[in-house]
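Worksheet: the structure to be examined is printed underneath.
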Number of protein chains: 2
Amino acid sequence: MLSIGDLSKRTGVKVPTIRYYEQMGLIEAAERSEGNQRRYERNDLERLAFIRHARDLGLDIPAIRELIALSQHPDLPCVNADRIAADHLVAVREKIEKLKKLEHELERIISHCDGHSIEDCYVIRALSDHGLCEGEH
Amino acid sequence: MLSIGDLSKRTGVKVPTIRYYEQMGLIEAAERSEGNQRRYERNDLERLAFIRHARDLGLDIPAIRELIALSQHPDLPCVNADRIAADHLVAVREKIEKLKKLEHELERIISHCDGHSIEDCYVIRALSDHGLCEGEH
DNA sequence: ATAATTCCTCTAGTGACTAGAGCTACAAGA
DNA sequence: TCTTGTAGCTCTAGTCACTAGAGGAATTAT
């Protein structure tokens, strides 16, 4: 039986976050000690590691809830789980594309600035005047 | 003199967002009509376009506040403005790197799954077992 | 036995908006 | 001039995934 602090140390998930996940229904409400403190077992450790792992991959809580529900039906086909991952991959790629555009625009703006006065500063001027931009943003 | 709706249409910034920027101190409190409605002029249009542009580039509100303050001192050197942009560029690049790692991990997980049952699903298994991962996340 | 640490619940704050309630002002047509 | 519809006003609360803090109780170590 682990305390919430033990669970936290073993999974790297902070104590308040564990309580938050309980509130969100990602982990079942833990058993309690006589003094009302949460007590965990091995399967809670696994569940929490699963959640942590999914969060690290950037999945949001509703998606994780769905994956947990799916994982409890081993007989079903896994197309739904695959779709969640694939949708997320698409979203990740879109974010990368957007950020790359920002990266290029920022590089361009910065490299155009000669570092003299604000009056001539290309950074400020580019922000003031959309016509100095490349691309459609 | 423009109403808040006119200003919104011309800049593409939504009406509640304009009021929010006023509250955050990015734009000055507008003059009011007799009936207490906001009335804007050309320089408000420019200011708001500046803000919108900076937001599109991903700058946060404190950074924009600083850029606005700087832009009102044309005689100062522009190293501070350049630094804000450069810092942001670093942050953007870091985000891109993180997302690329996620992208590769998701690609790998998805490609390993044969699409049969949840029991064998590589997506679910990879989440359950960190040992199946590549990289350090 | 006492002290230090951990735990509990509850509320509020983060950033940059967005949604909605309930009310008032303004512009255009009859 | 009257009416109607749109647009405006303020204020509160919700979004997401936590995080911080208050005030108090339980547990663990000395």
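Note that the structure is a prediction, hence the values are computed from the model and not measured. Residue numbers begin at 1 in each chain, while the letters A, B, ... track the order of the sequences.
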Side chains of residues 1-16 of chain B: which donor-acceptor pairs under 3.5 Å do they make with residues two or more places apart or in other chains?
from    : atom 1 : to      : atom 2 : distance (Å)
B/Ser3  : OG     : B/Gly5  : N      : 3.3
B/Ser3  : OG     : B/Asp6  : N      : 3.2
B/Ser3  : OG     : B/Asp6  : OD2    : 3.1
B/Asp6  : OD2    : B/Ser3  : N      : 3.1
B/Ser8  : OG     : B/Val13 : O      : 2.7
B/Thr11 : OG1    : B/Leu7  : O      : 2.8
B/Thr11 : OG1    : B/Val13 : N      : 3.3

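For the segment residues 7-21 of chain B, residues with any heavy atom less than 4.0 angstrom from an atom of DNA chain C are, sorted by number, B/Lys14, B/Thr17, B/Tyr20, B/Tyr21.
Counting only heavy atoms from C-beta outward, the side chains of A/Arg108 and A/Glu105 approach each other to under 4.5 Å. Looking at A/Ile27 and A/Ile18, their side chains come closer than 4.5 Å, going by heavy atoms from C-beta outward.
Of the side-chain N and O atoms in A/Ser3, none sit less than 4.0 angstrom from OP1 or OP2 of C/dT6. Between B/Arg38 and the phosphate of C/dA25, there is no side-chain N or O to OP1/OP2 separation shorter than 4.0 Å. Listed pair B/Ser33 / C/dC26 meets the phosphate criterion, a side-chain N or O lying under 4.0 Å from OP1 or OP2.
Within 6.0 Å of CD on B/Glu28 lie no more than 12 heavy atoms contributed by other residues, nucleotides or ligands. Within 6.0 Å of atom CZ in A/Arg32, more than 12 heavy atoms from other residues, nucleotides or ligands are found, so the atom counts as buried in its surroundings.
Distance, A/Arg32 CZ to D/dA26 C1': 13 Å, rounded to whole Å. Across the protein-nucleic acid pair, A/Leu2 atom CG and D/dT27 atom P stand 16 Å apart, rounded to whole Å. Straight-line distance from the CG atom of B/Asp6 to the P atom of C/dA25: 19 Å, rounded to whole Å. Distance, B/Asn36 CG to C/dG22 C1': 16 Å, rounded to whole Å. In this structure, B/Gln37 places its CD atom 7 Å from P of D/dG8, rounding to the nearest Å. A/Asp56 places its CG atom 14 Å from the P atom of D/dA17, with the value rounded to the nearest Å. The distance from atom CZ of A/Arg39 to atom P of C/dT6 is 13 Å, rounded to the nearest whole Å. Rounded to whole Å, the distance from CD on B/Glu22 to C1' on D/dT10 is 12 Å.
Ranked by how close their nearest DNA chain C nucleotide is to the 5' end, B/Leu59 and A/Gly5 are led by A/Gly5.
Proximity of a side-chain donor or acceptor of B/His88 to a complementary backbone N or O of B/Leu57 within less than 3.5 Å is detected.
No single ILVMFWY cluster, assembled from side-chain heavy atoms under 4.5 Å apart, contains both B/Val79 and A/Val123.
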